[in-house]
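As structure tokens, the structure follows; a few thoughts come after it.
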Amino acid sequence: MSKCGPPIARAEPTCGCDGGIAKKRFDPLPGPEGYGLSRELARALFHGLRVGLLIVDGTGKILMVNPTTEQVLARPARQLVGADSHDLLHRNPDGSTMPRERCRHLMALRDSETLRTVETWYARGDGTLLPVGLTVAPLQLDEEEGRGGVVLFYDLLRHKAVEEEQAAHLTILTELTDRLSLTAEISTVLSSTLEVEEMLRRLSRVVVPQLADWALIDLLGPDGELRRVSVVSRSTKDACEAADWAGPLPPLEENLHSPLARVLRGAPSILLTARELGEHAHPARPLQRLYDRIGATSVIVAPLRTPRRVLGTLVLARCPPSPDFDPADVAFISDIAGRAGLAVDNADLFQQQRRIAETMQRHLITPLPDVEDLELVARYQPAPHGAQVGGDWYDAFPLPGGLTTLVIGDVAGHDLQAAAGMSQIRNMLRAMAWAQRTPPSRVVGRLDEALPHLTDDLLATLVLALVEAPDEDGSRLLRWTSAGHPPPLLVEDDGSARYLEEGQGLMLGTDLPTTRPDAGVPIPARGTVLLYTDGLVETVGSSLGAGMNRLRRHAAALARHPLPYFCDELLARMRHDVIDDIALLALRLRTGAG
């Protein structure tokens with residue numbers, strides 16, 4: 001036997017004959033290299049190849065086999081080598097012997113052609129039939145043997161099983177990838193807004209149709225009332241009717257044993273089959289009426305849960321021909337509902353903080369004083385995102401001697417801490433303005449000196465303006481100083497407008513020595529002085545200079561409009577892609593003054 005594989009044999013004539021066919025004996029040959037194969041290639045073919053291999057001569061007689069052939073055909077090499085491959089192996093699918101003249105394998109050997117078959121039947125040593133995939137290729141043996149062939153085959157049943165297993169694994173990986181992508185999309189949706197009902201409507205539009213034919217989301221109110229905030233259907237024709245199912249639901253006490261009530265009381269997600277839907281049928285239950293209407297055959301009721309409480313439910317339904325939900329769907333949808341519950345809870349906490357902030361803001365910004373010949377209008381708008389409170393503020397208050405103080409300011413930050421800093425500065429500024437009164441630069445200078453001793457790391461900008469008492473002709477002088485704040489805008493009755501850029505100094509809180517200048521200008525008859533924070537002129541994708549030019553143009557166009565309309569329309573025209581809070585304070589001499 002060769003080191004490279006099982007024995008091979010050479011047929012040699014002996015005395016006697018049988019039906020015209022010479023009787024032969026078989027002697028081992030040294031190995032496959034006798035047929036022109038290198039030792040390395042032979043070793044790879046006979047010991048490394050994971051498919052069956054037969055070397056046959058031109059008549060189909062088996063000359064050599066590899067170990068895999070013995071395993072697949074359940075026959076030892078001694079039964080195979082020297083045997084006629086057609087008689088021993090080739091069979092019809094029903095197990096009958098195939099006529100030699102119809103055997104495609106023998107035809108390929110005779111014509112030295114390559115043959116590939118998808119399914120061929122071999123007889124195994126244990127009497128069973130084995131479907132195999134097969135390739136026959138011509139092979140030059142040697143001068144004595146002539147041409148023969150190489151037969152490669154594999155167990156088709158095992159091959160199909162491996163293919164099915166690989167396909168099943170691929171399906172699982174594809175489903176896992178799809179669900180991971182859907183999870184990422186849902187996470188994006190849940191973080192896209194802090195408005196709870198809009199968030200849940202967006203969630204419904206994602207899970208339908210990817211997970212279900214219908215999606216319903218119910219929320220518990222603060223007093224235990226249940227309200228359906230979203231109903232989405234896969235079918236566009238049901239969209240209008242779906243909206244009718246939203247709104248308040250009957251009290252839970254009327255349906256204590258329904259799946260919806262059990263989940264709201266803390267039960268885990270419930271999977272309802274068509275049979276269970278029938279068992280839970282109750283015409284008074286709103287969900288049951290919807291199930292009957294849409295023909296639901298599989299339903300999952302999952303809680304919108306947080307570690308502290310259950311906030312509501314996510315109900316997904318499938319209708320024919322969609323397949324029923326399975327336990328894997330229950331686990332996945334439960335995870336989605338849990339994510340939604342945390343997002344709702346986070347949004348609720350944000351809304352609570354915003355209500356607190358709004359209350360704080362209302363108390364921080366005081367009403368404007370009533371001054372005989374001055375018209376004052378102020379507006380405050382929070383940033384589109386955030387806690388609805390920040391460091392922007394305005395203030396106006398009278399001082400003895402007929403003075404009226406105007407303040408516009410901005411403390412760095414957009415949170416409750418900024419609002420608290422703003423409150424400190426506002427109160428300190430009021431006290432110092434009452435004590436110092438004039439000039440404005442002295443008041444702001446004393447405030448800047450006091451800040452480091454009263455608070456840490458507080459930076460702010462402001463404009464402090466004093467409107468002096470009217471002269472004999474009724475005219476008034478505006479005196480101001482700016483601590484790093486955008487300059488006031490003076491708009492005259494004829495539509496001309498200019499920025500009051502004098503009186504500029506360092507912002508508050510830098511702890512740097514500085515001299516603060518004052519500036520003054522007469523207020524023209526029917527003219528408007530506008531103080532504002534930078535949120536009015538800062539927009540996404542636009543420079544500060546461009547924003548100030550826009551403000552000047554719009555203010556000039558609105559110069560002759562009533563002051564409340566002037567302020568409202570200015571906000572409407574300027575608020576495009578706003579990223580910051582806005583406070584503004586407008587002053588105009590009443591008609592007839594000056």
Side-chain angles (χ1 to χ4, degrees), residues 162-219 228-239 242-243 245-246 259 263 268-273 290 294-307 310-350 384-385:
V162 170
E163 283 187 337
E164 291 173 356
E165 183 179 2
Q166 290 176 341
H169 289 165
L170 182 60
T171 300
I172 292 172
L173 289 174
T174 301
E175 292 177 352
L176 178 60
T177 300
D178 291 342
R179 295 214 161 174
L180 288 174
S181 298
L182 181 57
T183 300
E185 184 179 359
I186 287 171
S187 297
T188 300
V189 165
L190 293 176
S191 61
S192 63
T193 178
L194 288 169
E195 297 297 331
V196 171
E197 295 191 12
E198 176 60 24
M199 174 203 305
L200 296 178
R201 283 191 289 268
R202 293 179 187 180
L203 172 63
S204 300
R205 290 193 289 268
V206 171
V207 297
V208 174
Q210 297 193 60
L211 289 177
D213 298 315
W214 284 78
L216 304 89
I217 300 182
D218 303 332
L219 282 181
R228 183 154 298 148
V229 298
S230 177
V231 182
V232 174
S233 168
R234 174 195 291 265
S235 172
T236 54
K237 69 178 182 180
D238 293 330
W245 292 94
V263 168
S269 300
I270 297 175
L271 172 61
L272 300 172
T273 63
L290 180 58
I294 67 177
T297 54
S298 186
V299 173
I300 293 177
V301 184
L304 302 180
R305 187 193 302 275
T306 74
V310 175
L311 303 174
T313 59
L314 168 65
V315 180
L316 299 185
R318 287 182 179 175
C319 313
S322 298
D324 290 348
F325 290 114
D326 58 28
D329 294 321
V330 176
F332 183 55
I333 292 168
S334 297
D335 178 70
I336 291 174
R339 291 170 184 265
L342 292 174
V344 170
D345 193 43
N346 181 57
D348 284 344
L349 291 175
F350 171 80
H385 308 287

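This structure is a prediction, so every number in the text was calculated from the model and none was measured.
Summarising the geometry of V229 relative to L200, their closest heavy-atom pair is CG2-CD1, 3.9 Å, with the distance given to 0.1 Å. When all heavy atoms of I333 and L316 are compared, the pair lying nearest together is CD1-CD1, 3.5 Å. Closest non-hydrogen pair, R234 versus P209, comes out as NH2-O, 3.2 Å. Annotation for S233 and V208: closest pair C-CG1, 3.8 Å, computed over non-hydrogen atoms. The nearest pair of heavy atoms linking D345 to L311 is N-CD1, 3.8 Å. Residue A212 comes nearest to A317 through the heavy atom pair CB-O, 3.5 Å, listed as atom of the first residue, atom of the second, then distance.
At distances below 3.5 Å, at least one donor-acceptor pair connects side-chain atoms of T193 with backbone N or O atoms of E195. In terms of modelled atom types and a separation under 3.5 Å, the side chain of S298 and the main chain of F325 share a donor-acceptor contact. Looking at D213, its side chain does come within 3.5 Å of a backbone N or O of C319 through a donor-acceptor pair.
A heavy-atom distance below 4.5 Å is found between the side chains of L203 and I186. Under the 4.5 Å side-chain criterion, counting only non-hydrogen atoms from C-beta, S269 is not in contact with V263.
For the residue pair R318 / T297, no side-chain donor-acceptor distance below 3.5 Å is found, with atom types taken as modelled.
Atom-to-atom distance recorded for T306:OG1 and L342:CG is 6.5 Å, nearest 0.5 angstrom. Distance check: L271 CG to D329 CG gives 8.5 Å after rounding to the nearest 0.5 Å.
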_One pair to check against side-chain hydrogen bond (donor to acceptor under 3.5 Å, both in side chains): R202 and S192. What are the steps and the verdict?_
CA-CA 9 Å; R202 293 179 187 180; S192 63; 2.8 Å; yes
*Check the pair I300 / I270 against side-chain contact (heavy atoms from CB on, under 4.5 Å), numbers first and verdict last.*
CA-CA 6 Å; I300 293 177; I270 297 175; over 6 Å; no
*Begin from the C-alpha positions of R205 and E185 and carry the test salt bridge (Lys or Arg N to Asp or Glu O under 4.0 Å) through to its verdict.*
CA-CA 11 Å; R205 290 193 289 268; E185 184 179 359; over 6 Å; no
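Residues forming a side chain to side chain contact (heavy atoms under 4.5 Å, CB included) with L194 (at least two apart in sequence, or on another chain): N346, A347, F350. In this structure D324 satisfies the salt bridge (Lys or Arg N to Asp or Glu O under 4.0 Å) test with no other residue, sequence neighbours excluded.
One finds no salt bridge joining E197 and R228 here, because no Lys/Arg side-chain nitrogen approaches an Asp/Glu carboxylate oxygen to under 4.0 Å. Look at D335 and R179 and you find no salt bridge, because none of the NZ, NE, NH1 or NH2 atoms lies under 4.0 Å from a carboxylate O.
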